[in-house]
Amino acid sequence: MQLSEQEIIRRQSMDELNKLGINPYPAELFEVNVTSQEIHSNYPQREYKDVSLAGRIMTRRIMGNASFAELQDETGRIQVYFRRDDISPSEDKTLYNIVFKKLLDIGDIIGVKGFVFTTQTGEVSIHVTEFKVLSKSLRPLPIVKETKDEQGNVVLHDAFTDPEQRYRMRYVDLIVNPQVRDAFVKRTQLVNSMRSYLTNKGYLEVETPILQPLYGGAAAKPFKTHHNSLDMTLYLRIANELYLKRLIVGGFNGVYEFSKDFRNEGMSRFHNPEFTQVELYVAYKDYYWMMDLVEEMIEKVALDLHGTTEVKVGENVINFKRPWKRFTMYEAIQHFTGIDISEMDEVALRETCKQLHVPADATMGKGKLIDQIFGEKCEHELVQPTFITDYPLEMSPLAKKHRSKPGLVERFEAICNRKEICNSFSELNDPIDQRKRFEEQLELGKRGDEEAMTLDEDFLRSLEYGMPPTAGLGIGIDRLSMVMTNSPSIQDVIFFPQMKPEKNNEADPQKEFEAAGIRVELIPILIKLGIQSMAQLKEIKPSKIFNDIPGMWKKLKLDSVQNPTLQEIEGWQRKVVG
RNA sequence: GAUCUCGUAGCUCAGCUGGUAGAGCAUUACACUUUUAAUGUAAGGGUCCUGGGUUCGAAUCCCAGCGGGGUCACCA
């Protein structure tokens, strides 16, 4: 591994600490009795005479015998004030002059003890009387500085913004970009809010298999894996719907699961291969009832997260206050296109698509055409939360046929910020009808539809024992989190979004040189000289290497290394075969 | 998958028609006892993503690859 100048200096500082008897990674706990946020919100109403606080050094301003630094803990930052004669009261000023000023860096984690005061410039600070190194940071952190403009808004300078780096090294992103943390905290609050809502209603949180012998409950391509001792194919679940319904058959009145699901499909700012849904099934209810629940629950989520039902998302303010607008799909299409398609047959629908410039191909049936028109002409118009109800039968093999509208099912989606955030239906509990629908899916599969559902015999058997009328719901947690945190990309609400692996230089010159018997202390010098392999080394004149090495180790300020002799270098080169 | 675009110091970014690689912050040294994007003086730091090609000469132009981002397609 090739270290940058700054990394080398930090490692040297670490060694110095050790030499001074200071363990840069002490084992014992450090007692913390206050957070930066508590001090900021309570001081000076409350006095803080004896604080003990730990955090990461984020800025340093050294001014001779006094210094300022900012420590960042989980709740924010606070300025700390170091004065030489407080840190090192005796004649020996090492602790201040050497340890604090020279050996500590931005990024190091320290604990401080002292008292809170206000500086002449009005900054609430901790006057440090003692400090302790808790963890030495060996890599330089991206330095983000902030100022305030006339309006008091925080302006960031040199912000750590490269999306690739931010997602690959989320830990760094979280350290230097505090707003990132906020989005994730809100995501967890969102889940907690839903969980408490559902638990208070008396529903049971359950766990169902992630590894499934048959994948079902949605139309998507799965990830496939293999179980060795059973010697069988297993799939990572694309949904948990069929298992939760089995539990309803088993007699639970309401079950829900926050589930990680996996879909082997394209990625975009709305799609990650693994994502989170909450699915809920409640017996003896229908989709109208479920709409009321969704409104109530999401309104509560907004209130819990923001204290108001209004949430700013991009350019829009979205208001989750109940009741939400409700459209049937036909009404929505009529509303946005002026065309009533409710009585149209397939031919007329195809003609309508042409008229509206909606792309349609010959394989699309009636249901698909309707869905296509909706997707093209309506969905992106829906910013405020809106329920769209009564979908074409063909698109919904697990939903119950509509009680009064032939060709439709009792299904709704909630659309918000132009995207689906939930999907729900009166669940199909007629085992004969369900079998027929699965068989139609199998037909689609045979015709090449990779996302057609498989027939799950055990699920059908459970329905044959009798499932009560049930309302089911799925909410995309990632999508909803994006809305609730005003995040434009799903990667902003998933800590570690899927990415291609980092390119790592497969050749490891260190190991290769070691294997050739080159003295370890000379290897970094060779690498620094741009020699990356033994093959490369062989091409260079021994006398050149002989001359270059002393120059480079002086440059790197390494402790005295015994220079290789010309014979030694020639010996290395002889080891290269060919 | 298609297409556009980006890849230069630890971070943010300049680098014109091809001519010895630049700035700010960060780092190092010195000064400074209430600073706050601290300041002043000085210094060090680069595989210009990788590999080919054109050229006397490539960070710059061309081709291929790798990685990222945007848009579209796919994903009910």
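Note on naming: letters A, B, ... go to the chains in the order of the sequence lines (proteins, then strands), and numbering restarts at 1 for each one.
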Polar atom pairs (N or O), protein with nucleotides 40-43 of chain B, under 3.5 Å:
none

* Asked: Taking only residues two or more places apart in sequence, or in another chain, which ones meet Ile109(A) in a side chain to side chain contact (heavy atoms under 4.5 Å, CB included)?
  -> Arg56(A), Leu134(A), Ser135(A)
* Taking side-chain hydrogen bond (donor to acceptor under 3.5 Å, both in side chains) as the test, write out the residues that go with Ser88(A), two or more places apart. => none
* What residues form a salt bridge (charged side-chain N to carboxylate O under 4.0 Å, His left out) with Asp158(A), not counting sequence neighbours? -> none
* Asked: Who passes side chain to side chain contact (heavy atoms under 4.5 Å, CB included) against Arg83(A), sequence neighbours left out?
  -> Tyr81(A), Asp86(A), His127(A)
* Per-nucleotide protein contact string for nucleotides 31-39 of chain B (B base, S sugar-phosphate only, - none; heavy atom under 4.0 Å) -> -BBBBBBB-
* Structure fact -> Contacts satisfying side chain to side chain donor-acceptor pair (under 3.5 Å) that involve residues 414-423 of chain A (not counting sequence neighbours) are Arg411(A)-Asn423(A)
* Asked: Of all of residues 486-499 of chain A, which get a heavy atom below 4.0 angstrom from RNA chain B, listed by number?
  -> Gln491(A), Met499(A)
* **Sequence-distant partners of Arg77(A), side-chain hydrogen bond (donor to acceptor under 3.5 Å, both in side chains), two or more places apart** => Gln72(A)
* To do: Please list, chain by chain and in numerical order, all residues satisfying side chain to side chain contact (heavy atoms under 4.5 Å, CB included) with Ile143(A), sequence neighbours excluded.
  => Ile106(A), Lys145(A)
* For Thr352(A), what residues pass the side-chain hydrogen bond (donor to acceptor under 3.5 Å, both in side chains) criterion, not counting sequence neighbours? -> none
* To do: Check side-chain hydrogen bond (donor to acceptor under 3.5 Å, both in side chains) between Gln79(A) and all other residues, then give those that pass, not counting sequence neighbours.
  => Arg61(A), Ser125(A)
